[in-house]
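Remarks on the structure that follows.
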Amino acid sequence: RWLYGKQICLFYAFCGVLFGICSLSTLTILSTVCCLKVCFPAYGKLMREHGQILIACAWTYAAIFACSPLAQWGEYGVEPYGTACCIDWRSTNVNAVAMSYTVVLFFFCFILPCGVIVTSYSLILVTVKESRKALEQH
């Protein structure tokens, strides 16, 4: 069972969501930057300031979704096994607001980033394959 009280549970869940979403956001940004550099070199010029802005955007994006349950859109709670804390998935069965948070979280923090990553790396593979064909013809 969870031993550390409600406040530590909220902090633990908040950190898990924040760092998880930030990690996926950063991977999404990296795949997009790689795609731009490989597939569209004219647009792939990235300055230090651009990188700093992109990282700040990843953290802000993650913070918005991690802070939402603290602002009563969604809920944090003990996991079903009771040994850790995360988003209270059971509350989505009885609370429409928690359900909306879960749906939005699923789309914007899973489907969209994964779609961007798959698309970026697919474009990179296509570009590399076309470049290889062009080199073989010469």
Side-chain angles (χ1 to χ4, degrees):
R1 68 183 175 84
W2 183 255
L3 302 174
Y4 305 107
K6 178 79 172 158
Q7 295 303 317
I8 301 297
C9 179
L10 290 175
F11 180 72
Y12 181 89
F14 171 81
C15 288
V17 172
L18 177 71
F19 296 133
I21 294 172
C22 190
S23 176
L24 187 55
S25 299
T26 304
L27 290 172
T28 304
I29 289 169
L30 287 172
S31 72
T32 305
V33 169
C34 287
C35 182
L36 285 173
K37 288 200 161 286
V38 171
C39 303
F40 309 100
Y43 301 105
K45 293 182 179 34
L46 200 68
M47 308 285 281
R48 180 183 181 95
E49 295 80 24
H50 296 133
Q52 292 170 341
I53 290 168
L54 290 172
I55 295 301
C57 287
W59 279 97
T60 302
Y61 190 78
I64 289 168
F65 286 100
C67 288
S68 295
L70 301 176
Q72 307 308 313
W73 184 39
E75 295 178 33
Y76 288 136
V78 178
E79 289 182 345
Y81 293 112
T83 57
C85 293
C86 69
I87 296 167
D88 188 357
W89 304 109
R90 289 178 280 184
S91 68
T92 61
N93 295 331
V94 294
N95 186 342
V97 174
M99 172 65 88
S100 70
Y101 172 72
T102 303
V103 170
V104 170
L105 187 74
F106 178 69
F107 181 77
F108 286 102
C109 298
F110 180 70
I111 297 296
L112 184 64
C114 289
V116 170
I117 290 169
V118 168
T119 302
S120 295
Y121 286 116
S122 296
L123 285 171
I124 290 170
L125 287 174
V126 167
T127 302
V128 169
K129 189 175 180 179
E130 289 173 357
S131 296
R132 184 175 175 213
K133 283 183 184 177
L135 280 174
E136 287 175 355
Q137 288 178 354
H138 283 45

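Note that the coordinates shown come from a computational prediction; the quantities given were computed from them, not determined experimentally.
- Residues satisfying the side chain to side chain contact (heavy atoms under 4.5 Å, CB included) test with Ile117, not counting sequence neighbours, are Leu24, Leu27, Thr28, Ser31, Tyr121.
- Linking Ile, Leu, Val, Met, Phe, Trp and Tyr residues whenever their side-chain heavy atoms come within less than 4.5 Å leaves Val33 and Val116 in two separate clusters.
- Residue Ile29 holds its CD1 atom at 11.5 Å from CD1 of Ile53, rounded to the nearest 0.5 Å.
- Evaluation of the salt bridge (Lys or Arg N to Asp or Glu O under 4.0 Å) rule for Arg132 yields Glu136 as partners, not counting sequence neighbours.
- Under a hydrophobic clustering in which Ile, Leu, Val, Met, Phe, Trp and Tyr are joined whenever their side-chain heavy atoms come within less than 4.5 Å, directly or via other members, Leu10 and Val97 fall into the same cluster.
- Put simply, the side chain of Thr26 gets close to the backbone of Cys22: a donor and an acceptor are under 3.5 Å apart.
- Here Leu30 sits alone; no ILVMFWY side chain lies under 4.5 Å from its own, so it joins no hydrophobic cluster.
- Listed by first then second residue, pairs satisfying ring-ring contact (aromatic ring centres under 6.0 Å, His included) with a partner in residues 72-91 read Trp73-Tyr101, not counting sequence neighbours.
- The disulfide bond (SG atoms under 2.5 Å apart) analysis of residues 72-102, with sequence neighbours excluded, yields the pairs Cys9-Cys85.
- Separating the CZ atom in Phe11 from the CG atom in Leu18 is a distance of 9.5 Å, to the nearest 0.5 Å.
- With sequence neighbours excluded, the residues satisfying side chain to side chain contact (heavy atoms under 4.5 Å, CB included) with Ala84 are Tyr12, Glu79.
- We find the SG-CG distance between Cys39 and Leu123 to be 5.0 Å, quoted to the nearest 0.5 Å.
- Under the rule for a disulfide bond (SG atoms under 2.5 Å apart), Cys109 has no partner lying at least two apart in sequence or in another chain.
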Ile87/Leu105 under side chain to side chain contact (heavy atoms under 4.5 Å, CB included): CA gap, chis, key distance, verdict: CA-CA 11 Å; Ile87 296 167; Leu105 187 74; 3.3 Å; yes
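- The ring pair (Phe, Tyr, Trp, His ring centres under 6.0 Å) test applied to Phe110 returns Phe106, not counting sequence neighbours.
- By the 4.5 Å side-chain criterion applied to Ile, Leu, Val, Met, Phe, Trp and Tyr, Leu125 is assigned to no cluster and stands alone.
- Clustering ILVMFWY residues whenever any of their side-chain heavy atoms sit less than 4.5 angstrom apart, transitively, puts Val104 in the very cluster that holds Leu70.
- Applying the side chain to side chain contact (heavy atoms under 4.5 Å, CB included) criterion to Ile8, with sequence neighbours excluded, gives Trp2, Tyr4.
- Rounded to the nearest 0.5 Å, atoms OG1 (Thr102) and CD (Glu75) are 9.5 Å apart.
- Counting Ile, Leu, Val, Met, Phe, Trp and Tyr side chains that sit under 4.5 Å apart, directly or through other members, Leu135 stands alone, with no cluster partners.
- Under the 4.5 Å side-chain heavy-atom criterion for ILVMFWY residues, no single connected hydrophobic cluster contains both Ile64 and Phe14.
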Taking distance alone, no hydrogens or angles, what donor-acceptor pairs closer than 3.5 Å link side-chain atoms of residues 54-63 to residues at least two apart or in another chain?
{"residue": "Thr60", "atom": "OG1", "partner": "Ala56", "partner atom": "O", "Å": "2.8"}
{"residue": "Tyr61", "atom": "OH", "partner": "Phe108", "partner atom": "O", "Å": "2.5"}

